[in-house]
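Written below as structure tokens is the structure these notes are about.
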Amino acid sequence: MSEKMAVTAVAGSSAALLELSHVGKIYGGKGVITTALDDVSLTVHKGEFVAIMGPSGSGKSTLLNCVSTIDSATSGTITLGGRDITRLRRAELANFRRDELGFIFQDSNLLDTLTGFENIALALTLKGEHPHQIEQSVNELARVLGVEEVLQKYPQQMSGGQRQRVAAARAIVGNPKLILADEPTGALDSKSSAVLLEVLESMNTRMGATILMVTHDAFAASYSTRTVFVRDGRLFNDLSRGDTPRKEYYQRIMEVMAFLGGDLDAR
Amino acid sequence: MLVKLALRNVKRAGRDYAIYFITVVLGVALFYAFNAIKSQTVLFDAMSADSARMLDLLTLLIRMFSIVVACVLGFLVVYANRFLIRRRRREFGTYLLLGMSAGRVSRVLLCETILVGLASLVVGLALGIAMSQGLSFATAALMGTTMTKYRFIVSPDAIGLTVLCFVVVFMVSALVDVIYIRRCKLITLLSAREANEHVGMVHVPLRVVGFVVAIVILGCAYWQLSINGLQQADVHFWAATVLMIIGTFLFFWSVAGFVIFALTHAKGVYLKGIRMFTVRQIASKVNTAFVSMSVVCVMLFFALTTASVGMGLLELFAGNIEQTTRYDASIVASAELFYKPDPSWQDTYREFNGDIEACLSSRADNWDSVVRKSAQTDFWPAGVNYQELLDQIQGAEAMKDAQTLASMGKTEIKVISESQYNACCELIGETGVQLAANQFAIDNTIVGYDDLGKAMSKNDVSLEIAGIMLYGYGSLQCVPLDTTAMSDVALQIIVPDEVVTSLREHTEFPAYTHFNIMYNGDRTQGDSALSKILAKAVPLKDGKTPLTDGIEDQFQRTPWPVTNVYTGHAMAEQASGLKMVITFLALYIGFVMLVATAAVLAIQQLSETADSLQRYRRLSDLGCDMKQILGSLRIQTIVYFCAPLVLAASHTICAVSVVSATLFAELGVNPSGLIGISAFTIVAIYAVYLIVTYQLSKSIVRSSVCQGSVL
């Protein structure tokens, strides 16, 4: 596709961080075959905040799982930072996740036995950073993301929004190449959602994080710099925000969604 | 339909139930095997009266302790069942949600309990019957008899008792479970997390203080115990027990909080790898289960102490037996042992001039064919107390405690003459003493008095007896003066014959007399021959018949010539009988407690691992590799098993060293070899449970994490 050529041309400047090339994922065996992803090709550049939107069952979570190596693609290649992650061996996968990726899941996935501080610090202790350094980094980041007051609390004692912000802090504290977020606002009320999305936005604009976010909520997607639409395991639209204000971007997204939703019979 | 459901449930829960099932089976098997000992003994060849008595004692004690054992196993069954049922809350909630009535759910539960109970009873009894066959050989060996006609024996009594006890236990457990399910609200049953699982750490400062207090309390308990010395159950003993129990509970309540507090302030150590996660896991588990961990600790303490003290007693009673039974037989004659004796014995004494051999040999024909050599030692009251000697010793307080010294000081010295002493020594081939006219010597076989004995034997120590001034011989003798179960020669004074002659001018009768005999033939023959001689020489009054076959029941006890008879052979048999009793009891109780506590810990650990699977998956998602995760699991398992063991070991070391100081060291017994062996066995059994638990946990975590994403 043209995107691929664009990538090779601009190899030096705005480098392609993530590249999916004809990725497919098939479940099942004899008789019952489910195609979750069907020939998906996508390029994400450094510094982009990409939202992946689609209805339930469209394969967007599967896509994220394949990128994050939690699941494995059955065909195609995925390249992150120059490394082909579909070729990585079992033993290398854990290290890869530790060093290159950050996660924010819908239910925050914080460890309930650790305090907020320890949850964020875990991303660094796993990498073997110096304890003194860890303490500094975590406190610093917590201040920036506004979760200082919950550092000594346990996840059960935090509100949903606070938990997600702690998860976001954990995702970025190790300076990963790519942050993956799966329906981060899914379980939050509208106010907490807004706060979290602003945090994600500032992580992208001020700290330069590259974020790949899966969502079914157009409002969340409107915080991104680019939205990709998935349906039945295929990408079928790609919207760049450019310099448009968020409200307009949001409208455009809603239009595509309406088109997506109404088009039940058109296949 | 219900039975089918119950059956499938039990099959499905295979792994969870495995450890619990195996432990219950072991418990049932042991229970049966030990209670069936009595019936196994009908197979033994002729047993002596002593052995039979020991066996009766053993059977009685086993019956008594079976109650304790049944309680311990009952605790295990009820706890494990309740634990496993609580983990299946959601399943039962689903049944109720689908519309099954509470009564039917109860019946499914009851069915499951019956199935598991029946299975474990049947398998346990089968194993127990097999074990008891082997046990009868072991019993025979320990008692020194043989079992030439072996028959496969099953004891219906023991089966009945076992079945009764365990049916009660399983019924109680089923009842507890049914009540729990009925009582719980549906929402609680269906909720994801255990209502009272303390995941976070609350009241940290309180726990830190609590920990320090717990250590102090335990220290006080140890101090109280060392004062008490485990001699009697006085106020110090109860204080020590209560303090120990409180201290243990407080310890487990607070230790996790304390460790977290200490570690979170040692960032350099804490913030590495997944140490934070491991520590928090352990802490949350210890906090939630602190009650059961404390109970486990206390039970382990009892198990360890029983085993150790048992081994010590074993050494004490049976370790020295060869040293103390060198004479084939000893006759003791003592007026002091009678309340208001008929004074006719005095005429007999005068008739034979106090010579026991003359008396007995004149009344029996075969005296010389039975008795090869003999020696009589008379013990004469010296009219002076041990205080005379104690006053002359420097630093007596360092050698013995004040209480013992005080009572020793008030004891009157009894002396024996040099020639009688030397004759006695010669019987067993020991060297006697060569006293000068103004010397006294001391014979002592109780190790605890050795220091005093040596000090009292010094040349400058003086003693005035019957107007004659005597001085110490210089060295201490160590020769037993009769045949007994334990060393009993305590600072015995030996004086020249002239002193005794002087004493006899004022005293007609000795305080008591020993008469030691060496046989012509072997000990068994000699014993029965002696028995007949005594029956003839001092026949039972009024034509009474002997109560038993034992030698002590064949004759009439009189202050002179024969009050008691102790034969080397009987002593040895008693000792081995005692050995058997102690070994079996220690094994029975110690082993059952150990196995039950290890099973409880294993079940808790396994369940906790299953509950934490989600956490392990999250760790894996974050990029933690399997090696680190399994390493964390390993540390958690080890710490969880070892924590109560270490504390119990600490309590045991305190208790055993106290007993050792007051009892064992006194009598020169060093059971540390045997204690070491039993400690090693206990740790080995514990380790087996630990390793099996870790392997099972590892496979649960592996299969769950490698399965794939949690999304």
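Here is the naming used below: chain letters follow the sequence lines, and residue numbers restart at 1 for every chain. The structure displayed is predicted, hence computed values, not measured ones.
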Determine, for B/Asp621 against A/Arg97, whether the closest basic-nitrogen to carboxylate-oxygen distance falls under 4.0 angstrom. no

Answer with side chain, backbone, both or neither: which region of A/Leu122 has an atom nearer than 4.5 Å to a non-hydrogen atom of chain B? both

As an exercise: rank B/Gly273, B/Cys624, B/Ser612 by heavy-atom pairs under 4.5 Å with chain A and give me the winner. B/Gly273

Donor on one side chain, acceptor on other, A/Gln162 and A/Lys153, under 3.5 Å: no

Counting heavy-atom pairs under 4.5 Å with chain B, which one of A/Gly128, A/Ser72, A/Ala94 comes out on top? A/Ala94

Within 45° of the axis and under 6.0 Å from the centre of the six-membered ring of B/Phe641, does NZ or CZ of B/Lys285 qualify? no

Under 6.0 Å from the six-membered ring centre of A/Tyr27 and within 45° of its axis: does the NZ or CZ of A/Lys25 meet both? yes

Please look at A/Ala123 and chain B and tell me whether the side chain, the backbone, both or neither of the residue comes under 4.5 angstrom of a heavy atom of that chain. neither

Any luck finding a side-chain donor-acceptor pair between A/Asp217 and A/Thr215 under 3.5 Å? no

Between A/Arg234 and A/Asp39 (salt bridge meaning N to carboxylate O under 4.0 Å), is one present in this structure? no

Do B/Tyr270 and A/Glu118 get their side chains close enough for a donor-acceptor pair, meaning under 3.5 Å? yes

Atom group of A/Phe96 that falls short of 4.5 Å from chain B, counting heavy atoms: neither

Quick check: under 4.5 Å, non-hydrogen atoms only, which of residues 73-80 of chain A neighbour chain B? none

Rounded distance (nearest 0.5 Å) linking atom CD of A/Glu140 with atom CG of A/Leu145: 10.0 Å

For A/Leu110, which atoms come within 4.5 Å of any heavy atom of chain B: side chain, backbone, both, or neither? backbone

Going by the angle between their ring planes, with limits at 30° and 60°, are B/Phe251 and B/Phe211 parallel, tilted or perpendicular? tilted

Part of B/Ser620 within contact of chain A (heavy atom distance under 4.5 Å): both

